[in-house]
Amino acid sequence: MAGIRQISVFLSNQSGRLAEVTKLLADNNIDIIALSIADTAQYGALRIITDDNDKAIDILKNGNFVTKINHVLGIEIPNEPGALAKVLQAFDANEISVEYIYAFVGKSGINARVIIRVNDNEHASEVLKSIGIGLITEDDILKK
Amino acid sequence: MKFYDETHECMDRPSLEKLQSERLVKLVEYEYNNVPAYRQKMDDAGVKPGDIKGIEDITKLPFTLKSDLRDNYPFGLFAVPIGQINRIHASSGTTGKQTVVGYTKEDLDIWADCISRGLVSCGINSGDMVHIAYGYGLFTGGIGVHDGATKLGCSVVPASSGNTARQVTLIEDFKPDAICCTPSYALFLAEELRKKGHTPDDISLKVGIFGAEPWSEAMRTELEKSLGIKACDIYGLSEIMGPGVACECAERKGMHLQEDHFLVEVINPETGEHVKEGESGELVFTTLTKKGFPLVRYRTRDISRVIYEKCSCGRTTARILKPSGRSDDMLIIRGVNVFPSQVETVLMEFSETSPYYMIYVDRQSNHDTMEVKVEMNEAFFSDKISDINSLEARLKARLNSLIGLSIGVTLVEPGTLPRFEGKSKHVVDNRKI
Ligand SMILES: [Zn+2]
């Protein structure tokens, strides 16, 4: 399946819950590479990509957290105005709907790295290829 | 075998009522002469055994209440000397003393017959292997069903409750045809079997008889799908006899009451008067043939309906529909009757396994509010917050339409809601009335 595994975690909006998750992962020597949160007044969905997803999933499940795994697309785009707009226009033209987007810090520092959750990863990958945007694979970010 | 006792299960109504009337007259006289506490009640009500000439006179008799059992703990309501009691069962009360019941040898024989009738009506026959995973002991479930299945001539596996890994092995290796246990334990067993790679097709079970706790139609669907069985409901309470007072047939359209042994009335719990035929109310039973611990007009607190049309299975006995709750569990919110089981039914429509929930009732400036807190599970969760919002909205809409009230729904993290024991374990009522 195309894309990178993203782990979502259900969190009630009590202060300290996010800190508990991040501490749990840190205590187990897992680095969070990308992170975003969507929330309402009562609860939120934390989405993370780590350098050891298998271990992270195990640890979270053992910690009684409700988790879900999705495949999302990671792309690298030039760090310049209009780069992301070009991607989104291409998706729009191909009727690919974007659920959400968030950025993460790349180690290279030259390009911007972005996570995109779309409704059809295969189709979106083809579109990205056609406009010359390369996909980041899980191998690129995993712990070596 | 289609019927275990065709004579009594398929009797025409006039003959049945004649039999019930004869038995009631005898019972009232027996009770009056042998149970001083009930004689006192009749004397207080100014009614003599001679006033009861048939079932139409039953409303002249006083009710027996759960508190009468407590007041006469342990053996005060037994009608025979303790030496003639052949078996004692007891159920732990959630409030105070346990309920103690006793059976003569004849009572035990009739009880086994009632269970056998139920097993046959669900499609179990002599020679079938029956795995019994109700608890054995003081609880009536295990030994009660055991005696019935033994009498019918089944190969009985008295597994009792607990030690799930062993139960799974027994089912894998012995290949029983039927299982009897609580519906929640059956769901748990189904999940364990699934985890071991079994499919509904390779599980030997064909029939499940589940009781001793309330369960919803959604749970029935889930049990039938996951175990590849016909799931039938069995009803009973130890005060009246134990499981087998009524049991569904393979049609699963209400539980056939063993009416030659138990007379049912449906009353308005507030007024004590009979509701119209087919309407919902509290079930009241009179044991027509019991000798050890007979009860007249025992108020069960179970809320249900009773229908009298002949069933397509051929039986003519009255059918008790699935109790919708207990009158002491029932919440009245803004004048609407609400049962916790309704909430469970809705949750089961949305998720394969019912998530844990709690109902919170409060009163804010003279206005009752009801909120359902539901522990998130993997079936409900999504990385898209819009999915969770829409699930919450759909749950709310479904609860509102089923119960007829605006009900708040909040999703919380697993393991964060309090766990209570006892009958009203899913309700916290904070109203100060
Ligand atoms: Zn029937």
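Letters A, B, ... are given to chains in the order of the sequence lines, protein chains preceding strands, and every chain is numbered from 1.
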*Using non-hydrogen atoms only, which part of B:Thr416 is less than 4.5 Å away from chain A: side chain, backbone, both, or neither?*
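Nothing of B:Thr416, per the 4.5 Å heavy-atom cut-off to chain A.
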*Which atoms of B:Glu375 come close to chain A, meaning under 4.5 Å heavy atom to heavy atom: side chain ones, backbone ones, both, or neither?*
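Looking at B:Glu375, nothing touches chain A.
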Check each atom of [X] against the heavy atoms of chain B and say whether the ones under 4.5 Å are side chain, backbone, both or neither.
| X | answer |
| --- | --- |
| A:Leu11 | both |
| A:Asn64 | both |
| A:Asn13 | neither |

*Where do B:Ser382 and A:Ala45 come nearest, in terms of heavy atoms and distance?*
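So the two residues come closest at O-CB, 4.1 Å.
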Taking C-beta and beyond as the side chain, do [X] and [Y] meet within less than 4.5 Å on heavy atoms?
| X | Y | value |
| --- | --- | --- |
| B:Thr410 | A:Tyr43 | no |
| B:Ile385 | A:Tyr100 | no |
| A:Lys68 | B:Lys384 | no |

If we define contacts as heavy-atom pairs under 4.5 Å, which of [options] has the most with chain B?
| options | answer |
| --- | --- |
| A:Ile69, A:Ile7, A:Val9 | A:Val9 |
| A:Val72, A:Thr67, A:Thr40 | A:Thr67 |
| A:Gln42, A:Arg117, A:Gln6 | A:Arg117 |

_As a quick check of understanding, evaluate side chain to side chain contact (heavy atoms under 4.5 Å, CB included) for A:Val66 and B:Glu413, giving each step before the final call._
CA-CA 7 Å; A:Val66 178; B:Glu413 283 183 46; over 6 Å; no
*Applying side chain to side chain contact (heavy atoms under 4.5 Å, CB included), run through B:Leu411 and A:Phe10 and close with a yes or a no.*
CA-CA 10 Å; B:Leu411 297 164; A:Phe10 179 75; 4.0 Å; yes
*Inspect the surroundings of CD in A:Glu95 and state if more than 12 heavy atoms from other residues, nucleotides or ligands are less than 6.0 Å away.*
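Open.
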